[in-house]
Amino acid sequence: MSDNKREWKEVFSLKAVVFNGNKEPSFSELPEQQPKKGEVKVRLKAAGLNRRDLFVLKDSLNEQKQFILGSDGAGIVESIGDSVSAVHLQDEVIINPSLYWDKIEVVPELPQILGSPTDGTFAETVIVPQENVYLKPSFLSWEEAGVLSLSALTAYRALFTKGQLQPKQHLLIPGIGSGVATYALKFAKAIGATVTVTSRNEQKLQKAKEIGADYLLNTNEDWQRVFQYRKADLILDSIGSATFPKYFEVLKPNGTIVNFGQSSGSEVELSLKEFFYSQFNLLGTSMGSKEEFDQMIQLVTDYKIKPIIDRTYQLSEYKLALKRMAAGLQFGNIAFTVN
């Protein structure tokens, strides 16, 4: 044998949807990492697409960064770092994408979310803190578990922590169709609230009726006429500019608007006179804490609430999924299967 010995080291790689700061993600191979102390490595079975994934692609702060996209995911624990006791090898788990936010009342200045700048779930494996891994509810499929976390947590905090929704109250969800909106509809009906939804799309309105919506309103209708006998206690807004001017007309005195998005624009005008005379409440929210994730999982488990899966794609088909979400065509959540 030659004295020139070669040392071979086995190098593993993973396939992932990678953002490289060029505004166009790519399906690439990257070196696979191992979990450190307190971390868990999950072999993903499914992942979920969110509007946030579109946002991070356009965020100028990400122009010089490289990371794996994706916040939602579910899979099997493949390896664990030192000092991990919360889960075990081969556990079937879902991932809470809200990082380092434990208590409801201790709101971070800027919520940290898996998938930017931390590597996310659009990959064969992901590494997360053990605090962010939960046993998968057994009644959920992999695809259902894979799309659960981000939008369900957002809806839970908006409805219950901020909006304080109670049974028999009237909830208005403008622009039904998103993952958050469909979870909010299901959560509200689970506790016995009345729900009105709006959309310009008649098919989406009929789908909302099928999953429990009490009243359907075409966005272009006269809102005041429809709401004159049954004004809303709570409005869950993610649209912003296009519909915000209508809210004061259909909200009860002392009613609440909870905003978590701006899909049609962030600039709105409001009448301060009408605002303080009617003693309206205007609140903002984003994501949620570990405490709220615990509560959301309990609600989902108690009422056996399943996500609405709009479409399922292979991870390599990410461009088709992004295009569908950007066009606002989905009703519910878009899932990826990860092979």
Side-chain angles (χ1 to χ4, degrees), residues 42 44-53 70-75 92-99 101 104 111 113-115 120-121 128 131-165 171 173 175-191 193 195 197 207-208 211-213 234 236-238 258-261 285-312 325 330-336:
V42 178
L44 290 159
K45 302 286 286 184
L49 180 66
N50 292 285
R51 185 159 290 277
R52 179 178 187 271
D53 299 304
S71 300
D72 283 338
E92 296 185 352
V93 296
I94 61 174
I95 295 165
N96 172 11
S98 183
L99 302 171
W101 182 4
I104 293 173
I113 304 171
L114 196 67
T121 56
V128 295
E131 294 81 10
N132 290 77
V133 175
Y134 287 71
L135 293 178
K136 179 178 81 69
S138 59
F139 64 92
L140 295 179
S141 70
W142 280 118
E143 287 77 15
E144 290 166 344
V147 303
L148 178 72
S149 298
L150 187 145
S151 49
L153 176 59
T154 301
Y156 185 91
R157 177 174 171 82
L159 282 182
F160 301 118
T161 303
K162 305 292 278 190
Q164 294 290 301
L165 183 68
L171 168 68
I173 307 175
I176 191 67
S178 71
V180 178
T182 51
Y183 281 120
L185 170 54
K186 286 200 162 196
F187 290 171
K189 293 307 301 176
I191 70 159
V195 183
V197 301
K207 287 180 179 179
I211 61 171
L234 174 64
L236 204 61
D237 174 53
S238 65
V258 176
N259 172 268
F260 64 93
T285 189
S286 179
M287 284 297 288
S289 64
K290 187 178 186 302
E291 280 188 325
E292 288 157 317
F293 196 89
D294 293 339
Q295 295 166 6
M296 180 273 291
I297 290 293
Q298 191 63 56
L299 179 70
V300 166
T301 302
D302 288 346
Y303 290 94
K304 298 295 186 288
I305 296 172
K306 291 190 172 187
I308 303 297
I309 302 292
D310 173 74
R311 288 196 182 180
T312 300
M325 176 160 283
Q330 83 281 4
F331 184 89
N333 294 88
I334 293 175
F336 290 117

Quick one: does [X]'s side chain have a donor or acceptor within less than 3.5 Å of a partner on [Y]'s backbone?
X: S238; Y: F260; value: no
X: K186; Y: K306; value: yes
X: N259; Y: D237; value: yes
X: S149; Y: I95; value: yes
X: S71; Y: P97; value: no
X: E291; Y: I104; value: yes
X: K189; Y: A193; value: yes
X: N50; Y: R52; value: no
X: K304; Y: T301; value: yes
X: T121; Y: D72; value: yes

Which atoms form the tightest heavy-atom contact between [X] and [Y], and what is the distance?
X: L140; Y: E144; value: CA-OE1, 3.4 Å
X: V180; Y: A155; value: O-CB, 3.6 Å
X: K136; Y: A145; value: CD-CB, 3.6 Å
X: L185; Y: A208; value: CD2-O, 3.8 Å
X: W142; Y: V93; value: CZ3-O, 4.1 Å
X: G48; Y: D53; value: O-OD2, 4.2 Å

State the [atom1]-[atom2] distance between [X] and [Y], to the nearest 0.5 angstrom.
X: Y183; Y: L153; atom1: OH; atom2: CG; answer: 11.0 Å
X: L44; Y: F336; atom1: CG; atom2: CZ; answer: 12.5 Å
X: I305; Y: T182; atom1: CD1; atom2: OG1; answer: 11.0 Å
X: I113; Y: W101; atom1: CD1; atom2: CH2; answer: 9.0 Å
X: D310; Y: M325; atom1: CG; atom2: CE; answer: 8.0 Å
X: N96; Y: L114; atom1: CG; atom2: CG; answer: 9.0 Å

Should Q298 and D294 be marked as a side-chain hydrogen bond (donor to acceptor under 3.5 Å, both in side chains) after you check the CA-CA gap, both sets of side-chain angles, and the distance that decides it?
CA-CA 6 Å; Q298 191 63 56; D294 293 339; over 6 Å; no
By side-chain hydrogen bond (donor to acceptor under 3.5 Å, both in side chains), S151 pairs with (sequence neighbours left out) N333
Answer with yes or no after comparing the ring centroid distance for Y156 and F293 against a 6.0 Å cut-off, counting only values under it.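 No.
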With sequence neighbours left out, the residues meeting salt bridge (charged side-chain N to carboxylate O under 4.0 Å, His left out) with R157 are E292
Taking atom NZ as the centre, does K45 end up with more than 12 heavy-atom neighbours from other residues, nucleotides or ligands that are less than 6.0 angstrom away?
no
Should [X] and [Y] count as side-chain neighbours, where that means a heavy-atom distance under 4.5 Å?
X: L234; Y: L159; value: yes
X: I94; Y: V133; value: no
X: Q295; Y: F160; value: no

Any pair with a residue in residues 145-155 that passes salt bridge (Lys or Arg N to Asp or Glu O under 4.0 Å), sequence neighbours left out, goes on the list, sorted by first then second residue, please.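 Not a single pair qualifies under salt bridge (Lys or Arg N to Asp or Glu O under 4.0 Å).
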Test side chain to side chain contact (heavy atoms under 4.5 Å, CB included) on E131 and K290 and set out the steps.
CA-CA 8 Å; E131 294 81 10; K290 187 178 186 302; 4.2 Å; yes
